[in-house]
Each structure stands twice: as C-alpha cells, then as structure tokens.
Visitor: 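Okay, handing you the structure first.
What's counted below: heavy atoms across the whole structure, side chains too, no hydrogens, waters or symmetry copies.
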Amino acid sequence: MPYRHHCYACDAVSDRHDRRADAETAQQEHRDTAHGGHQPLAGDHIERVHADGRGDRTTGQHWPLGAYLAALVLLFAMLAECVGR
C-alpha cells in the first residue's frame with residue numbers, strides 16, 4: 001500500500017511512495033529543508049494512501065455503480081416533473 005508524508009505546519013504533502021521507508025526519507029528531507037531538521041510543532045506523520053485517494057487513476061477506469069444509479073434516479077425524477085404536469 002502506498003504512503004506519503006504530510007506536514008501539518010506548512011501543509012506540505014509528499015509524492016506517493018510505494019514503501020514506508022521512502023516516505024520516511026521524504027519526511028526527514030522536508031524536516032531538514034523546511035524546519036531546520038526538527039519535527040514541526042504542529043506535527044507531521046506518514047499516512048497510508050487509499051487506492052481512490054492516490055490520484056493515479058487511469059483514463060479507462062469507471063465511476064462506481066452507485067454514481068450511475070443516482071444519476072439515473074435524478075434523471076427520471078426530472079423527467080417525471082416535466083412530463084407529469
């Protein structure tokens with residue numbers, strides 16, 4: 001599962017890393033460059049990134065079935081309002 005570093009002090013988020021150790025390296029590099037090598041007072045941590053939150057979906061992937069069903073229900077409701085009266 002992918003990981004990323006998130007700094008709460010400056011709201012910086014690292015790129016996605018496949019290994020936790022790589023995300024920890026990015027965390028330390030950020031601390032060195034932005035915070036003088038120290039952990040920021042507001043905190044920072046390594047977080048696991050869920051597949052839908054990674055932002056690396058390919059063009060061929062589709063929306064979940066529930067989104068299509070909700071769109072159909074809304075379409076039918078609008079058509080019923082227009083035609084029914």
Side-chain angles (χ1 to χ4, degrees):
M1 177 165 280
Y3 299 90
R4 70 179 179 185
H5 163 250
H6 186 190
C7 176
Y8 295 120
C10 54
D11 205 26
V13 178
S14 73
D15 293 332
R16 181 174 57 91
H17 300 280
D18 291 328
R19 297 179 341 150
R20 182 177 179 90
D22 295 335
E24 289 171 350
T25 301
Q27 177 184 39
Q28 190 58 50
E29 288 173 358
H30 175 76
R31 287 178 178 178
D32 292 341
T33 58
H35 304 289
H38 302 287
Q39 181 179 4
L41 293 177
D44 64 346
H45 76 286
I46 305 297
E47 56 191 25
R48 294 174 73 169
V49 183
H50 188 269
D52 290 337
R54 289 190 297 209
D56 60 353
R57 283 190 166 202
T58 59
T59 308
Q61 290 183 334
H62 302 287
W63 289 1
L65 180 61
Y68 288 112
L69 293 176
L72 280 175
V73 167
L74 289 174
L75 178 66
F76 285 131
M78 289 188 321
L79 286 174
E81 278 294 315
C82 292
V83 176
R85 292 184 184 209

Visitor: Would you indicate whether Leu72, at its atom CG, is surrounded by more than 12 heavy atoms from other residues, nucleotides or ligands within a distance under 6.0 Å?
Guide: yes
Visitor: What closest approach, in Å, do Tyr3 and Arg48 show between heavy atoms, and which atom pair accounts for it?
Guide: CE2-CG, 3.3 Å
Visitor: So, using side-chain contact (heavy atoms from CB on, under 4.5 Å) as the criterion, who are the partners of Ala42 when residues are at least two apart?
Guide: Tyr8, Ala9
Visitor: Ala23 and His17: which non-hydrogen atoms are nearest, and at how many Å?
Guide: CA-CD2, 3.7 Å
Visitor: Out of curiosity, Arg4 CZ to Arg20 CZ, how far, rounded to the nearest 0.5 Å?
Guide: 13.5 Å
Visitor: Taking atom CG of Asp32 and atom NE2 of His38, what is their separation to the nearest 0.5 Å?
Guide: 9.5 Å
Visitor: Who passes side-chain contact (heavy atoms from CB on, under 4.5 Å) against Asp44, sequence neighbours left out?
Guide: His5, Cys7, Gln27, Arg31, Gln39, Pro40
Visitor: So, do Glu29 and Ser14 sit near enough that their side-chain heavy atoms are less than 4.5 Å apart?
Guide: no
Visitor: Determine whether Ile46 and His6 make a side-chain contact, defined as any pair of heavy atoms from C-beta on separated by less than 4.5 Å.
Guide: no
